[in-house]
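Have a look at the structure below, then the notes.
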Amino acid sequence: MVSTNPFGEFRSECEKLLRNAVNRLFPEVSLPKTVLEIPPSIELGELASSLCFELSKRIGEKPRSLAEKIAAEISSTPFTLVESVEAAGAGYVNFHVNLEKLASLTFESAEELDEDYGFVKAEAPLKIIVEHTSVNPLHPIHIGQARNPILGDSLAQILRKRGHTVSTHYYVDDVGRQTAIIAYGYEKLGRPKPEGKPDHFIGLIYTITNCIIEIERLKKEIKKAEELSLREDLAQLRRQLDDWVSVAAELREKHRNLFDKLLDEARKDENPEQAVNELNRRYEEGEETAKRLIREVADQCLEGFRKTFERVGIRFDSWDWESDFVWKSHVRKTLEKLKSTPYVFQSAGVLEFDAEKVADDFELKPKLGLRKDYEIPSLTLMRADGTTLYTTRDIAYSIWKLEKAEKVINVIGMEQTLAQLQLKLALYALGYGEQAENLVHFAYNLVTLPGYKMASRKGRYIAFDQVLDEAVEKAYAEVSKRSPHLSEEEKRAIAEFVGVGAVKYSLVEVDPAKPVVFTWERVLNFERNSAPYIQYTHARACSIMRKAARKPEKPDYKLLAQPVEHEIILMISRFPEIFIEAAENLKPNLIAEHANLLADKFNTFYNSLPVIKAQPPELSDARLSLVNATRIVLRNALTLIGVKAPEKM
RNA sequence: GGGCCCGUAGCCUAGUUUGGACAAGGCGCCGGCCUUCGGAGCCGGAGACCCUGGGUUCAAAUCCCAGCGGGCCCGCCA
């Protein structure tokens, strides 16, 4: 017997038994929704129902006595996976599973389905686009941004295994002032060949250029404020200037040549800020020299990103350049169309989108979970100089994505919630209301550093690459200590997947809605509740299988009578349900959690019970099946969160 | 000022969507394990008014209301 969802079979049986029993006993009562839950303790059974509490109100009988009647009624009918039913507590109906049958079904299914065990297919597979990461090509990916590709890639992997056709997209945001700034600096330096990893080199030029321009800009604004004696503005501007001046000092300290050269060159320009804006405008217009320059810079930066992605095993199916949507008129046409709706107005020379009015006219506030009295701010669509803003371009891009897929998931930080809302409302205004419902903003919370605020524009960040390096280095030290006999090459290879795995796990393990405070301690954890711990447990299970060097020929599953064995059988049988929940609710952290719990139980098992030498042979075989199924689930779970499952380490 | 997110042992987290039985792990702390298959491990112990106050309910960490604390957003940045 093979089942894609062994625990689900048990659950369905319990539901059916419960429903039939209640129908027979109380034909006049409509059944409350029968949700079965997992009891707090394993002694209470594997599934339980609290429907008697609800039923008691309708029937006017104590929950406990109802539970007893129902349990007795169910017990008079035949079972398959169910072992027994009983009334418990104040009125619960508890179901105990027939462990021998569940073990047999679970282990045989796991072995048979192997690399597909747990991956229950969706009834209606969809074409899904997962857009994730989309870090601007300005500087290396920092640790705050790194949560995005880790979550996004895991989501994509989970949805693929769920049977959907998933395409991962990277939106290259090469339009806008920021890319113009880096390109400006890059050109001033005479388009240098990158020293070291290109994204880090680009990042350095970006920070210095941005810093110089900001200082110039602030100085001018301060002068203006002085003339108009705007006291409050002045104080604030001066604070900002102080901050940038200290950034400049830090930068010049570390990179004197580059800094001084850029400063000299920038000073040759009457107004660097204006030059940047000019470049931005020319790029949007598709002017050739601007195109060549900015694409060259962006390409170099992306080349660096690709190296990082390769290292962490993340690939994109499509690289979508924002500028293409501008040049191919997608943006202009969207804007024209939007202008013809009653939701766009002029204000102080710029084009505004009235998101509030759309929400009202289409009565969308309750649907979008907004309060009636909340007034949605309007969105600026176009600058006075005719160039567009990020969200405007994103509207055009979103339409394109929604035309290519039935569902679009945008993995974007929660700080962009408002912009994503405005974007969605623009889709309604444009008549894409139906498609807008298929647009999901997967919002995750920020990664913060204790002590100071990360600011990529100020060059204050910890690069993802650096975190990976540290993790791999620590892993190397650990491997060298634990397995000195291994060759240098083997040690390096192990250190790589251990270190990378640890970092990925630390970012995927936490509920995406919760903020993560970055600490080295968290990321460099190789002990319990970490990728290395699960990897180690997997390698251990593999090792037992290797040593046994045989297939379980005649397992007798009823001999698996130890509590820990009981728990492991349950966890393996439940993996498909966990997977479904993770896929449907977009919660990769559930997978990490389940793998970790299984690893915990397996290690307890490992330390207390022999496998290969267990007697009689039927027990040894049954345990071997358990080890093998554990190995399969750990590996499949790790695959979903993008962590390598090694056979040795 | 308005909106969104977060608040669970000293620290980090699970559980909150879908209310159910004595709130579950990890780190750290204390005490044990050279138990045959891999010690990145195992066993035991101490440690929680689930931010506060109301409300709904047979039942609230979970739902509702009002606060408090922290973060984010409200830009002709992205």
Taking pairing as Watson-Crick or G-U wobble with both contacts under 3.5 Å, can you name the mate of B:U57, or confirm there isn't one? none

B:A14 and B:U62, which share atom name C1', separated by this distance in whole Å: 13 Å

Is the shortest side-chain N/O distance from A:Arg383 to OP1 or OP2 of B:G75 below 4.0 Å? no

Is the gap between the ring centers of A:His139 and A:Tyr461 under 6.0 Å? yes

With a non-hydrogen cut-off below 4.0 angstrom, is A:Val627 in contact with a base, only sugar-phosphate, or nothing? nothing

Looking at A:Phe325, is A:Arg393 sitting on its ring face, NZ or CZ under 6.0 Å from the six-membered ring centre and within 45 degrees of the normal? no

With a non-hydrogen cut-off below 4.0 angstrom, is A:Val517 in contact with a base, only sugar-phosphate, or nothing? nothing

Using whole Å, report how far CZ of A:Arg217 lies from P of B:G75. 16 Å

One character per nucleotide, please: for nucleotides 15-31 of chain B, 5' to 3', B when the base has a protein heavy atom closer than 4.0 Å, S when only the sugar-phosphate does, - otherwise. SBBBSBBB---SS----

With ring centroids as reference points, do A:Tyr533 and A:Tyr505 lie under 6.0 angstrom apart? no

In whole angstrom, give me the gap between the C1' atoms of B:G47 and B:G25. 14 Å

Give the nucleotide from the list B:U13, B:G38, B:C76 with an atom nearest to the side chain of A:Glu352. B:C76

Is the phosphate of B:C43 approached by A:Thr604 (side-chain N or O, under 4.0 Å from OP1 or OP2)? yes

Distance in angstrom units between A:Leu609 CG and B:C42 C1', rounded: 12 Å

Describe the nucleic acid contact of A:Pro610 in one word from base, sugar-phosphate, nothing, applying a heavy-atom distance below 4.0 Å. base

Ignoring backbone atoms, test whether A:Lys57 places a side-chain nitrogen or oxygen under 4.0 Å from the OP1 or OP2 oxygen of B:U57. no

Taking any strand in view, what nucleotide pairs with B:G28 in a Watson-Crick or G-U wobble way, both distances under 3.5 Å? none

Tell me which nucleotide, if any, is Watson-Crick or G-U wobble paired with B:G41 when both distances must be under 3.5 Å. B:C33

May I ask you to say whether A:Arg492 pairs ionically with A:Glu496, meaning some side-chain N is under 4.0 Å from a carboxylate O? no

Give the nucleotide from the list B:C76, B:G38, B:U36 with an atom nearest to the side chain of A:Tyr606. B:G38

Proximity to the side chain of A:Val611 - top-ranked nucleotide from B:C43, B:C37, B:C58: B:C37

Which nucleotide in the set B:G41, B:C37, B:U13 lies at the smallest distance from any side-chain heavy atom of A:Val510? B:U13

Pair A:Glu214 + A:Arg457, salt bridge at N-O below 4.0 Å: no

Starting at the 5' end of RNA chain B and moving along, which residue's nearest nucleotide shows up first, A:Gln416 or A:Phe605? A:Phe605

Sugar-phosphate, base or nothing in reach of A:Met649, heavy atoms under 4.0 Å: base

Return whichever of A:Val350 or A:Arg540 has its heavy-atom-nearest nucleotide of RNA chain B closer to the 5' end. A:Arg540

Can a side chain N or O of A:Arg522 be found less than 4.0 Å away from OP1 or OP2 on B:U13? yes

Just name whichever nucleotide pairs with B:G69, Watson-Crick or G-U, keeping both distances under 3.5 Å, else none. B:C6

Grab the NE2-P distance between A:His139 and B:C77 for me, whole Å please. 17 Å

I'd like the P distance from B:C11 over to B:G41, given in whole Å. 24 Å

Nearest-Å distance once atom C1' is located in both B:A23 and B:G15: 8 Å

Below the 4.0 Å mark, does B:C42 have OP1 or OP2 next to a side-chain nitrogen or oxygen of A:Tyr533? yes

Pick base, sugar-phosphate or nothing for A:Ala443, based on heavy-atom distances below 4.0 Å to the nucleic acid. nothing

Which part of the nucleic acid does A:Ser543 contact within heavy-atom distance under 4.0 Å: base, sugar-phosphate only, or nothing? base

In whole Å, what is the span from the CD atom of A:Gln422 to the P atom of B:C4? 15 Å

With respect to the side chain of A:Glu509, which nucleotide from B:U13, B:C76, B:G38 is positioned closest? B:U13

Roughly, in whole Å, what's the span from CG in A:Asp373 to C1' in B:C74? 16 Å

Worked verdict on A:Thr537 versus A:Asn603 for side-chain hydrogen bond (donor to acceptor under 3.5 Å, both in side chains): CA-CA 7 Å; A:Thr537 309; A:Asn603 284 317; 3.2 Å; yes

Determine the contact category for A:Arg393: base if any of its heavy atoms lies under 4.0 Å from a base atom, sugar-phosphate if only primed atoms, P, OP1 or OP2 are that close, otherwise nothing. sugar-phosphate

Sticking with atom C1', work out how far B:A9 lies from B:C27, rounded to a whole angstrom. 12 Å

C1' spacing across the pair B:C65 / B:U56, given as an integer number of angstrom: 11 Å

Give the rounded distance in Å between these two atoms: CG of A:Asn445 and P of B:C73. 11 Å

Test applied, side-chain hydrogen bond (donor to acceptor under 3.5 Å, both in side chains); reference residue, A:Arg177; option that passes from A:Thr387, A:Asn277, A:Asn210: A:Asn277

Run the salt bridge (charged side-chain N to carboxylate O under 4.0 Å, His left out) test on A:Arg147 and A:Asp511 for me, step by step, so that the C-alpha distance in whole Å, both residues' side-chain angles and the decisive distance to 0.1 Å come before the verdict. CA-CA 11 Å; A:Arg147 196 175 185 184; A:Asp511 181 339; over 6 Å; no

Counting any heavy atom closer than 4.0 Å, what does A:Ala384 reach on the DNA or RNA strands: base, sugar-phosphate only, or nothing? base

Flag for A:Ser134-A:Glu131: side-chain donor and acceptor within less than 3.5 Å: yes

Salt-bridged, A:Asp621 to A:Lys551, with N to O below 4.0 Å? no

Rounding to an integer number of angstrom, what distance separates B:C77 and B:U18 when you compare their P atoms? 40 Å

Surrounding CD of A:Gln615 (heavy atoms of other residues, nucleotides or ligands, distance under 6.0 Å), is the total greater than 12? yes

Distance between C1' atoms of B:G32 and B:C68 (Å, rounded): 45 Å

Could you state the atom-to-atom distance from CD of A:Glu322 to C1' of B:C77 in whole Å? 12 Å

Look at the side chain of A:Asn607 and decide which nucleotide, out of B:C77, B:C76, B:G41, has an atom nearest to it. B:G41

Nearest-Å distance, CG (A:Asn280) to C1' (B:C76)? 11 Å

So what does A:Leu446 hit on the nucleic acid, given a heavy-atom distance under 4.0 Å: a base, only sugar-phosphate, or nothing? sugar-phosphate

